[in-house]
Structure formats: C-alpha cells, structure tokens
Amino acid sequence: MNKFCKFLGFDESKKTTVRTEIMAGVVTFLAMAYILTLNPLLMLDLFNSSTYGYMYSSVFVATALGGFLGTLFMAIYAKLPLAQAPGLGLNSMVGGLLGGSLIGFSLSFGNSMLLVFISGLLFLGLSIFKIQGTSIRKIIFDCIPESIRKAISVGIGLFIALIGLANAGIVVVGDGTVIDMVKLSTWDMASVGPALVCLFGFLVIVVLSHFKIKGAVIIGIIAATLLGMIPSIGVTKWSGETWAFWEHFANFFSFDPSKGGAFFAVFTEGFSFADGVPVMSLIMTVITFCMIDMFDTMGTCVGCCSAAGLITEDGTPVNYDKIMVCDSVATCAGALFGTSTVTTFVESGAGISAGGKTGLTSLVTAGLFLFSIFLLPLFASIPGAAASSALIWVGCLMLKGVKDVKVDSVKEFVPTFLTIAMMPLCYSITEGIGFGILSYVIIDIFGYLGDLISYKIKSKKANATEDGEEIKKPVWDLKVVTIVIALLFVVYFFVPTTF
C-alpha cells in the first residue's frame with residue numbers, strides 16, 4: 001500500500017491520509033455528479049428539441065466514461081486531486097451545432113464530435129510540442145501577467161460560489177434586475193425548498209469545519225440530502241428511472257447512429273458533412289472549443305492547486321505540463337466516446353477543501369464515475385441543492401487568495417479587478433481571463449506610448465535630466481506571446497462564428 005500511495009503522489013510534506021483522500025474523492029464526485037444527467041440534456045439540445053432524445057442513454061454512458069478516463073489519467077499521470085468531465089458551456093455549443101443555432105447550419109452528431117476531436121488534437125499538440133524545452137502551453141501560461149494569475153483563483157472562487165448559489169435557486173433572475181435573491185419569505189417550497197436545503201448543508205459544513213471535524217463537506221452534503229427528504233420540503237426524490245444497463249450499453253457500442261451508437265461516431269458519420277456547410281464556421285468553432293478548454297483549464301488548475309498548496313514558487317501548478325496533457329487527451333477520448341469537451345472541473349475544489357492533495361482523490365472520483373453507469377437512478381436522486389452547499393464553501397476558501405493580489409498600479413489593479421469580476425458576471429473562466437489580458441495589454445501599450453512621447457519631448461532639452469538624473473528611454477516589457485494571446489481573445493470576442 002505504501003508503494004501504491006507513493007505512486008499516486010503521497011509524501012510527508014502533504015500531510016494527508018488514505019482516509020482523507022478517499023473522502024475527498026467522494027466529495028468531488030458528489031459535487032460534480034450533476035453533469036451525468038445534465039450533460040446529455042445540454043449536448044442533445046433536449047431543452048429545445050427532442051430530435052436526439054433516443055441518444056440520451058448513450059450520451060449518459062459517454063459522459064460517465066469520459067469522466068472516468070479523464071480523471072483516471074489525472075490520477076496516475078499527473079497524480080493530483082483534479083477531476084475531469086464534460087464541461088458546461090461547451091456541451092451547450094454542441095447542442096447549438098446539432099440544432100443549427102450556432103453556425104446557422106445543423107450538423108450530425110458525428111460531425112459535432114469530429115470538431116471536438118480536432119480541437120482536442122490541437123490542444124494536445126500545444127501541450128506536447130516544446131520550444132527550447134518548454135511546452136507551448138507552458139509558454140502561454142508564463143506569459144499571462146502575474147497580477148492576472150494571482151487574481152484567477154479569487155475569481156474562480158466567486159464563480160464556483162455563484163454556480164452553487166444559482167444551482168440551489170438562491171440567486172435567481174430578478175424582476176427588473178439581472179439577478180436577485182429568492183424570496184424566502186414566500187415559503188413556497190417549490191422555490192424556497194432547494195435554497196433551504198443548500199443553506200442548511202452549508203451551515204453544517206461551516207460549523208463542522210470550525211471544529212476541524214474531518215469529512216465536514218461530505219457530512220454537509222448528506223445532511224442536506226436527508227433534509228430534502230422531508231415531505232413538506234420535497235427536494236430529495238428518487239429519480240424512478242429504469243436503467244436497462246446491458247441494452248443501453250449494447251446501443252452505445254453498436255456503431256449504428258440510428259440506435260444511439262455514440263461510440264466512435266466520429267468515424268461512422270463524422271466526416272460526412274452535408275452540402276453547403278460553411279467551412280470558416282467550422283474552423284472558428286474548433287478554435288473556440290480549443291481556446292475555452294485551454295484557458296478554463298489554466299484558470300481551474302491555478303485556483304484549485306493554489307487552494308491545495310500544490311503550487312511552485314513562480315505560481316505554476318505542480319506537474320503543470322502533465323495536467324495539460326491529461327486534459328487534452330481526455331478531450332480526444334471523450335469525443336471518441338461521444339461526449340463534448342472533457343475538461344478539468346472547478347468542482348475539484350470541493351474535494352480539495354475536504355483535504356484531497358494526491359492522485360488518490362481523483363482515483364476514487366474516477367471509480368465512482370465508472371460505478372455510476374450501473375446506478376444512474378441513485379446518483380440522479382442526489383439533489384443539486386445538496387452538492388451546491390459544498391460549492392459555496394469552496395468559494396469561501398478560495399477567497400483567501402485575495403491577499404496575494406497586487407494593486408500597486410493601474411496596470412495591475414484594473415486587469416486584476418476585471419479578471420475577478422468578469423468570471424462570475426460572465427459565468428465563464430475564459431472570458432474573465434480574456435477581459436484581464438486584453439485590459440492589461442491595452443493599458444500597457446498606451447502607457448508605453450505615453451512614456452515614449454514624454455521621453456522624446458524631454459530628451460530634446462539641452463540637459464536631458466530630471467531631478468538630477470538622466471532621463472531613461474522607456475522599455476516596453478510586454479511579451480510577444482502575451483500580445484498574441486490578446487489577439488486570440490480579440491478573435492474570440494469579436495469574430496462571429498457564423499460566416
């Protein structure tokens with residue numbers, strides 16, 4: 001057992017135990033189990049159309065297998081407590097491809113998976129290929145300004161908390177406002193029930209954590225689930241879904257699209273595009289998939305690894321290159337299974353808050369993803385409001401990183417603020433980073449031009465000195481790669497997907 005634990009990243013400095021890691025793995029899974037039932041709905045656009053309803057069971061299996069393989073790879077290769085599964089946002093983009101709303105032209109399921117697969121290959125290339133011994137992905141990370149990197153974990157903390165608050169119905173769309181708080185005073189359990197369950201679970205976690213009781217997060221989730229079983233609240237309900245496992249599994253591997261053959265749909269129908277599909281739209285879609293996955297993963301890794309103390313002196317997550325390889329390989333594998341982009345989940349922070357620090361945490365989470373294929377009704381019965389209590393707690397913990405945020409100059413505090421604020425407000429890690437980097441580059445360019453003009457004017461004087469010192473020509477310290485990243489975000493924000 002000692003050799004196995006060391007293989008998964010155990011060492012004396014991490015001060016963790018097998019029991020703690022197992023509990024953390026369970027907490028991570030419970031915090032992200034919602035993706036098993038939500039991903040098929042979003043991917044297949046079932047909220048707007050039932051065209052692909054027959055594929056629900058196959059995409060559920062693909063979701064579980066994608067989460068299993070990606071998280072397993074993270075456990076044994078990167079040896080970190082980070083879990084992977086099909087990410088929110090990108091699965092909605094797949095739904096838009098299938099429904100025709102994204103590029104103005106409907107694609108088949110196989111076509112959509114092919115675009116995800118290509119984006120994964122592009123992502124993998126950026127992770128593997130090196131320039132002077134450093135991977136391209138690491139170069140990109142290093143060229144993100146330090147002030148923005150410090151802000152990422154704080155922004156993600158707010159983003160995670162908002163996800164929890166929204167999932168539990170505590171934060172809702174307001175009447176005349178963008179967002180509002182649910183009206184608890186109505187005592188209408190249809191809307192207030194989930195909020196009460198979440199707040200109760202959060203309170204349990206806070207109190208138990210105050211007294212340093214191990215397993216506080218999972219105890220809070222279980223307590224919230226039990227509260228939801230009270231008939232008058234009615235939040236926890238047995239899903240009642242039948243799960244003819246072997247029948248659904250056979251359809252998944254059938255290679256027949258009409259039966260829901262999601263496995264290897266990339267090759268069974270992926271290359272057969274209908275006439276008139278705009279090629280430029282397909283290219284922009286692939287680039288968008290890749291960019292969102294890349295910067296979401298970067299931000300998530302910085303935030304979660306910082307919370308776990310798994311960060312190097314220069315602010316880079318431990319085993320960063322391996323994390324990126326795991327993420328990109330998982331995306332490729334997920335596309336072959338038949339699911340949208342598999343990415344590192346911010347909900348990994350829930351397990352980290354429960355003490356997870358090694359690959360054993362993610363190994364347990366991976367095992368539960370595999371096990372969930374057999375027990376869909378059970379996992380579908382865990383209310384999202386109960387798991388959301390853990391997400392709010394994670395947001396509280398990640399606020400600790402605010403002490404490291406630099407606010408010494410306009411070039412630092414404006415991008416820092418935009419990075420932190422725009423993640424929750426735009427409901428996107430990528431867009432938060434994008435706002436931060438673009439503002440940093442713009443301020444730096446105009447600041448340099450202003451300093452250069454001032455230098456030219458002052459240097460024309462006979463005595464080119466100021467306060468007794470020689471006036472120095474300003475040095476532009478902005479890196480070329482940082483400018484390239486900013487230009488990519490310009491494309492991301494302003495270039496339409498449809499052509």
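Applying the salt bridge (Lys or Arg N to Asp or Glu O under 4.0 Å) test to Asp444 and every residue at least two apart in sequence or in another chain returns Lys411. Taking the salt bridge (Lys or Arg N to Asp or Glu O under 4.0 Å) definition, one finds that Lys138 meets it with Asp142, sequence neighbours left out.
The aromatic rings of Phe29 and Phe369 stand perpendicular to each other, their planes meeting at an angle above 60°, with 30° marking the opposite boundary. Aromatic ring orientation, Tyr320 versus Phe141: tilted (interplanar angle from 30° to 60°). Aromatic ring orientation, Phe337 versus Phe252: tilted (interplanar angle from 30° to 60°). In this structure, Phe249 and Phe253 have perpendicular ring planes: the angle between them is above 60°, well past the 30° mark.
For the pair Asp293/Ser119, no side-chain contact is recorded, criterion being any heavy-atom separation below 4.5 Å from C-beta on. Looking at heavy atoms from C-beta onward, Phe273 lies in side-chain contact with Leu282 at the 4.5 angstrom threshold. At a threshold of 4.5 Å between non-hydrogen side-chain atoms, the residues Thr28 and Thr361 count as touching. Residues Phe109 and Pro257 are not in side-chain contact: their nearest non-hydrogen atoms beyond the backbone lie 4.5 Å or more apart. Using a 4.5 Å heavy-atom threshold, the side chains of Lys322 and Leu80 count as separate. Proximity of Val94 to Phe289: side-chain heavy atoms (C-beta onward) are separated by under 4.5 Å at one or more points. Contact of the Gln84 side chain with the Phe345 side chain is not registered, since no non-hydrogen atoms from C-beta on lie closer than 4.5 Å. With a 4.5 Å cut-off on side-chain heavy atoms, Pro81 and Ser362 do not count as touching.
Without hydrogens or angle criteria, Thr416 side chain to Glu412 main chain gives a donor-acceptor distance under 3.5 Å. Without hydrogens or angle criteria, Thr482 side chain to Leu478 main chain gives no donor-acceptor distance under 3.5 Å. Side chain of Thr300 to main chain of Thr297: no donor-acceptor pair is present (N/O by atom type, distance under 3.5 Å, no hydrogens or angles). Remark: the backbone N or O of Gly270 is paired with a side-chain donor or acceptor of Asn111 at under 3.5 angstrom. A donor-acceptor distance shorter than 3.5 angstrom exists from the side chain of Ser348 to the backbone of Ala83, with no hydrogens or angles considered. Between the side chain of Asp327 and the backbone N or O of Thr344 there is at least one donor-acceptor pair closer than 3.5 Å. Asn91 contributes no side-chain N or O that, together with a main-chain N or O of Met43, makes up a donor-acceptor pair within less than 3.5 Å. With Thr331 contributing its side chain and Val342 its backbone, the two residues share a donor-acceptor pair below 3.5 Å. Thr71 places no side-chain N or O within 3.5 Å of a backbone atom of Phe68 that could act as its donor or acceptor partner. The backbone N or O of Val302 sits nowhere less than 3.5 Å from a side-chain atom of Arg149 that would complete a donor-acceptor pair.
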(message) As a quick check of understanding, evaluate side chain to side chain contact (heavy atoms under 4.5 Å, CB included) for Phe263 and Leu65, giving each step before the final call.
(response) CA-CA 11 Å; Phe263 183 68; Leu65 290 177; over 6 Å; no
(request) List the steps and the verdict of side-chain hydrogen bond (donor to acceptor under 3.5 Å, both in side chains) for Thr343 and Asp296. (result) CA-CA 8 Å; Thr343 188; Asp296 263 18; 5.6 Å; no
(request) Show the numbers, then the answer: is there a side chain to side chain contact (heavy atoms under 4.5 Å, CB included) between Leu98 and Leu107? (result) CA-CA 5 Å; Leu98 295 175; Leu107 300 182; 5.5 Å; no
(message) Is there a side-chain hydrogen bond (donor to acceptor under 3.5 Å, both in side chains) between Thr339 and Asn39? Walk through the geometry before answering.
(response) CA-CA 8 Å; Thr339 186; Asn39 187 55; 3.0 Å; yes
(request) For Leu82 and Cys301, run side chain to side chain contact (heavy atoms under 4.5 Å, CB included): C-alpha distance rounded to whole Å, both residues' side-chain angles, the deciding distance at 0.1 Å, then the answer. (result) CA-CA 8 Å; Leu82 302 174; Cys301 292; 4.2 Å; yes
(request) For the pair Tyr492 and Glu431, evaluate side-chain hydrogen bond (donor to acceptor under 3.5 Å, both in side chains) and give the outcome as yes or no after the intermediate values. (result) CA-CA 9 Å; Tyr492 172 74; Glu431 290 174 14; 3.2 Å; yes
(request) Tell me, with the steps shown, if Leu438 and Val490 meet side chain to side chain contact (heavy atoms under 4.5 Å, CB included). (result) CA-CA 8 Å; Leu438 280 176; Val490 170; 3.7 Å; yes
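The number of heavy atoms from other shown groups lying within 6.0 Å of CG (Asp477) is above 12. Atom CZ of Phe446 has 12 or fewer heavy atoms from other residues, nucleotides or ligands within 6.0 Å. Environment of OH in Tyr448: crowded, with over 12 heavy atoms of neighbouring residues, nucleotides or ligands closer than 6.0 Å.
Note that NZ of Lys259 is 6.0 Å distant from OG of Ser254, once rounded to the nearest 0.5 Å. Distance CG/Asn251 to OG/Ser58: 5.5 Å, rounded to 0.5 Å. The CD1 atom of Ile136 lies 5.5 Å from the CG atom of Leu126; values are rounded to the nearest 0.5 Å. In this structure, the separation between CE on Met113 and OG1 on Thr341 is 8.0 Å, given to the nearest 0.5 Å. Rounded to the nearest 0.5 angstrom, Ile485 CD1 and Met291 CE are separated by 9.0 Å. Rounding to the nearest 0.5 Å places CZ of Phe123 at 7.0 Å from CE of Met294.
Side-chain contact of Asp321 with Ser135: a donor-acceptor pair under 3.5 Å is present, judged by distance alone.
Of all the heavy atoms in Gly261 and Ala265, the pair that sits closest is O-CB, 3.9 Å. Annotation for Leu124 and Ser328: closest pair CD1-OG, 3.3 Å, computed over non-hydrogen atoms.
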